Protein chains: 2
Amino acid sequence: MVEDAFGVLAHPVRRELLVRLGQGEQRASDLARGLPISRSATSQHLRLMLAVGTVAERREGRERYYSLERDGLAEVDAWLERLDGFWARSLERLGEHLDASA
Amino acid sequence: MVEDAFGVLAHPVRRELLVRLGQGEQRASDLARGLPISRSATSQHLRLMLAVGTVAERREGRERYYSLERDGLAEVDAWLERLDGFWARSLERLGEHLDASA
DNA sequence: AGAATACGTAAGGAATATCTAACGCGTCAA
DNA sequence: TTGACGCGTTAGATATTCCTTACGTATTCT
């Protein structure tokens, strides 16, 4: 079971959905249009994304509007920054090493 | 088949491996130590990461040293930035809209 | 009311991913 | 050269993911 933001990003269709939502709120059926999978499959992806918290849902009559959930990818951002930090520090150590041997 | 950096990040063991490598080059067996899976499984993760390009390998005798591949996660960084851009722009439009209706 | 619309959900199957156990192959040390 | 070490690969089992088809449930529209 995909249970975090990393898992959400692992599927190309889900990334495409996020990109489309980056342009603003969209209806479920509009989101499904043009994708290489059925409307049902799209719905399942959206359900997953909702559970993980990368999108939000708003119901209006028989329609459902989806939008990006702010901070939905915070987990990913934070992780990448942490890795960058580690790496930057290791490059720094490398630099000191080179300086020392110069 | 996991074939891109997003897929690499989708597995907690692979993220752990990247974090450890953030502290510098490591031998295969050192990387495997402490993980909840066998050495064999770790080796398979490393092979995958090597194929995708998130880690690099250096052989020395019977040992293999792994390290982070610079730009290995560039694909992910770029994608996140693009999404941020879209989102920033949509917030901007929202701001204009609010201004207009004020 | 009856039909059409907008969606979600369930069931079932095919494709992937992931793990362990067993084995192979160099390399190093005695 | 014999054996231990470091590590990858294969085979095969199990788990997970992802998709489609069929169906259910509210809403609108006529």
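What you see is a predicted model, and the numbers here were worked out from it, not measured in a lab. Per chain, numbering begins at 1; letters A, B, ... match sequence-line order.
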*OH of B:Tyr65 versus P of D:dG8: gap in Å, rounded?*
13 Å
_Integer-rounded Å distance: D:dC18 P and A:Leu17 CG_ = 13 Å
*asked:* Heavy atoms from C-beta onward define the side chain here; which of C:dC19, C:dG8, D:dC29 lies closest to that of A:Ala28?
replied: C:dG8
*Return the nearest nucleotide to the side chain of B:Arg62; candidates are C:dT27, C:dG8, C:dT5.*
C:dT27
*Could you tell me the separation between the CZ atom of B:Arg59 and the C1' atom of D:dC7, rounded to a whole number of Å?*
10 Å
*asked:* When you measure from the side-chain N and O atoms of A:Arg39 to the phosphate of D:dT20, is any distance below 4.0 Å, counting only OP1 and OP2?
replied: no
*Starting at CZ of A:Arg33 and ending at P of C:dT5, how long is that distance when rounded to a whole Å?*
13 Å
_If I take atom CD in residue A:Gln26 and atom C1' in nucleotide C:dC7, what distance separates them, rounded to the nearest angstrom?_
16 Å
*May I ask you to evaluate whether B:Tyr66 reaches the phosphate of D:dG8, defined as a side-chain N or O under 4.0 Å from OP1 or OP2?*
yes
*Round to a whole Å and report the spacing from CD of B:Gln44 to P of C:dA22.*
15 Å
*Which one, C:dG8, C:dT9, C:dG26, comes nearest to the side chain of A:Ser40?*
C:dT9
*Is it the case that one hydrophobic cluster holds both A:Tyr65 and A:Leu35, taking links as side-chain heavy atoms less than 4.5 Å apart, direct or via other members?*
no
*Nearest-Å distance, CZ (A:Arg64) to C1' (C:dT9)?*
11 Å
*asked:* Among D:dC19, C:dT9, C:dC19, which nucleotide has an atom closest to any side-chain atom of B:His11?
replied: C:dC19
*Check: B:Glu25 main-chain N/O paired with B:Arg20 side-chain donor or acceptor under 3.5 Å*: no
*asked:* Does the Lys NZ or Arg CZ of A:Arg27 fall within the cation-pi geometry relative to A:Tyr66 - under 6.0 Å from the ring centre and within 45° of the axis?
replied: no
_Looking only at the side chain of B:Arg14 (C-beta and beyond, no hydrogens), which of the listed nucleotides D:dC7, C:dT18, C:dA6 gets closest?_
C:dT18
*Phosphate OP1/OP2 of C:dT9 contacted by A:Arg47 side-chain N/O (<4.0 Å)*: yes
_Check the phosphate of D:dT20 against A:Ser38, side-chain N and O only, distance under 4.0 Å to OP1 or OP2. Yes or no?_
yes
